[in-house]
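When a ligand or atom number is given, it counts from 1 through the structure's own listing order. As the structure is a prediction and not an experimental result, all values here were calculated from the model.
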Amino acid sequence: MTTAGSFNPFAMAQAQFDGVAELLGLDEATRQLLREPLREYSFAIPVRMDDGTHRVFRGFRVQHNDARGASKGGIRFHPQESLDTVRALAMWMSWKTAVVDIPLGGGKGGVICDPHHLSLREQEQICRGWVRQVARNVGPLLDVPAPDVMTSAQHMLWMLDEFETIHGGKYPGFITGKPVGLGGSLGRTEATGYGVVYTLRDALERLGIEARGTTASVQGFGNVARHAIELFARLGGTTVCVACWDQADQTSYSYRRASGIDLDELRGITDRFGGIDRNKARDLGYEVLDGGAWIEQQVDVLIPAALENQINADNVTSIAPSVKVIAEGANGPTTPEADAEIRRRGIFLLPDFLANAGGVTCSYFEQVQSNMNYYWERDEVLRRLDRKMTAAFEGVVELAESRKLYMRDAAYVIAIDRVAQACHDRGWV
Ligand code: GLU
């Protein structure tokens with residue numbers, strides 16, 4: 001589970017689950033039910049490419065649990081996507097919706113593809129093909145997809161359009177993360193990154209640290225990272241380092257500037273894949289370091305906001321003594337081996353399925369608005385989001401303190417207990 005090559009996120013998700021099942025004393029049938037997905041679909045998506053040739057992509061949808069409500073979770077487009085990754089992410093979605101206490105279950109989808117090498121028309125065909133293969137197994141009352149790594153509001157709209165064409169009606173509650181004005185919710189784009197910072201603000205307050213004047217290092221420069229950096233700056237914090245994937249070099253680089261990075265400035269020098277132009281960055285006074293440097297920075301806060309398996313046995317010891325909080329914006333960024341070290345050092349951890357739950361919480365608000373066909377103002381969405389995130393944070397931190405649990409374990413105890421209880425109440429196990 002430690003090195004990138006052998007890393008299996010589903011094995012990691014199951015190991016985390018097994019530990020908490022023990023702590024909760026779950027019975028054998030409940031353990032069996034919850035350590036595997038309820039249902040999974042794996043299918044071919046044939047696409048006619050722009051050059052007239054045909055290619056067949058592999059698509060997945062995994063519904064881990066729907067005892068608390070319809071399955072919920074994003075769809076990733078990634079060249080390294082695998083059924084096991086989607087299984088892990090679906091399981092984490094069940095815990096995520098439970099920890100913030102929204103009436104939804106956990107699911108996840110994916111397609112093995114690299115959007116960097118696909119035209120928009122080809123991506124549209126993949127979206128429509130994905131929906132055609134599972135149109136009878138997803139829907140507003142069954143399983144509600146959303147964006148994730150390398151999918152956007154546009155992808156969601158194509159998927160909605162295909163679903164509505166197949167079912168012959170308007171079903172805006174089928175999918176979330178839609179464009180504003182076409183069933184989307186104001187605040188959804190920023191919700192995940194903002195949610196990370198709402199919990200970070202609460203954590204700093206709990207630790208008696210004034211947010212103003214704190215520093216952070218962030219891994220990732222996608223939607224979650226950018227909005228986290230933006231809100232962190234508004235709290236008076238300074239992001240001094242950001243690591244970003246470089247498509248041309250197929251590796252990532254860290255960009256550091258002691259006076260702080262300027263989000264707009266960096267946004268202004270990104271290519272169409274979101275990668276930062278290194279020469280322009282240097283001209284603007286950034287030091288360009290290797291991709292792993294983000295974790296070694298002398299900062300107060302680390303925010304991994306890229307992919308899974310980024311803090312592991314190989315690099316956890318490089319975390320500087322100055323780091324007080326790790327806020328996980330990505331799903332599954334920390335392996336159990338690294339977790340043990342973070343816990344030993346007493347770093348305050350905001351676990352992924354709590355810290356990044358802002359996205360799905362806002363998706364829930366979007367679904368509510370879509371089903372009512374009545375849309376709220378941005379302030380109202382963000383106010384409700386902040387309230388939900390803070391309540392979830394407080395529930396977890398109070399349990400962690402009273403039972404002397406690591407924050408990840410406390411979040412797991414709350415979430416797994418809620419899902420297990422729903423399964424029992426329904427008479428499933
Ligand atoms: N993909 C996001 C996540 O991992 C959002 C899921 C959703 O909105 O359903 O939480």
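By heavy-atom distance, the residue among V360, N331, N223, D148 lying nearest atom 2 (C) of ligand 1 is D148.
Interface atoms of ligand 1 facing G74, defined by a heavy-atom separation under 4.0 Å, are 1 (N), 6 (C). Taking a cut-off of under 4.0 Å to the non-hydrogen atoms of M93, the atoms of ligand 1 that pass are 3 (C), 4 (O), 6 (C), 10 (O). Atom numbering of ligand 1 starts at 1 in the shown order; those under 4.0 Å from a heavy atom of P147 are 1 (N), 2 (C). Interface of G359 with ligand 1, defined as ligand atoms under 4.0 Å from a residue heavy atom, comprises 8 (O). Ligand-side atoms of ligand 1 in range of S363: 7 (C), 8 (O), 9 (O), range being under 4.0 angstrom from any heavy atom. Counting atoms of ligand 1 from 1 in the listed order, those under 4.0 Å from a heavy atom of G73 are 9 (O).
The pair D84-R87 counts as a salt bridge, with a side-chain nitrogen and a carboxylate oxygen less than 4.0 angstrom apart. R234 has a carboxylate O that lies under 4.0 Å from a charged side-chain N of E230, or vice versa, which qualifies the two as a salt bridge. By the 4.0 Å N-to-carboxylate-O rule, E205 lies too far from R201 to be salt-bridged with it. For the pair D101 and R68, the salt-bridge criterion is met [side-chain N within less than 4.0 Å of a carboxylate O]. Between E394 and R206 there is no salt bridge, since no side-chain N of the basic residue sits under 4.0 Å from a carboxylate O of the acidic one. Using a cutoff of 4.0 Å between basic side-chain nitrogens and carboxylate oxygens, R343 and D409 are scored as salt-bridged. The pair E308-R76 meets the salt-bridge criterion, with a side-chain N (NZ, NE, NH1 or NH2) lying under 4.0 Å from an Asp/Glu carboxylate O. Under the 4.0 Å criterion applied to side-chain N and carboxylate O atoms, R267 and D262 are not assigned as salt-bridge partners.
Looking at atom 9 (O) of ligand 1, its nearest protein heavy atom turns out to be K72 NZ, 2.7 Å. The single protein non-hydrogen atom nearest to atom 10 (O) of ligand 1 is K96 NZ, 2.7 Å, given as residue, atom name and distance. Protein heavy atom closest to atom 7 (C) of ligand 1, with residue, atom name and distance, is A146 CB, 3.3 Å. For atom 5 (C) of ligand 1, the nearest non-hydrogen atom of the protein is R188 NH2, 3.5 Å.
At a 3.5 angstrom cut-off on N or O pairs, V144 does not count as close to ligand 1.
Counting heavy atoms under 4.0 Å from ligand 1, residue K108 touches it through the side chain alone.
Residues satisfying the side chain to side chain contact (heavy atoms under 4.5 Å, CB included) test with A392, not counting sequence neighbours, are V100, L354.
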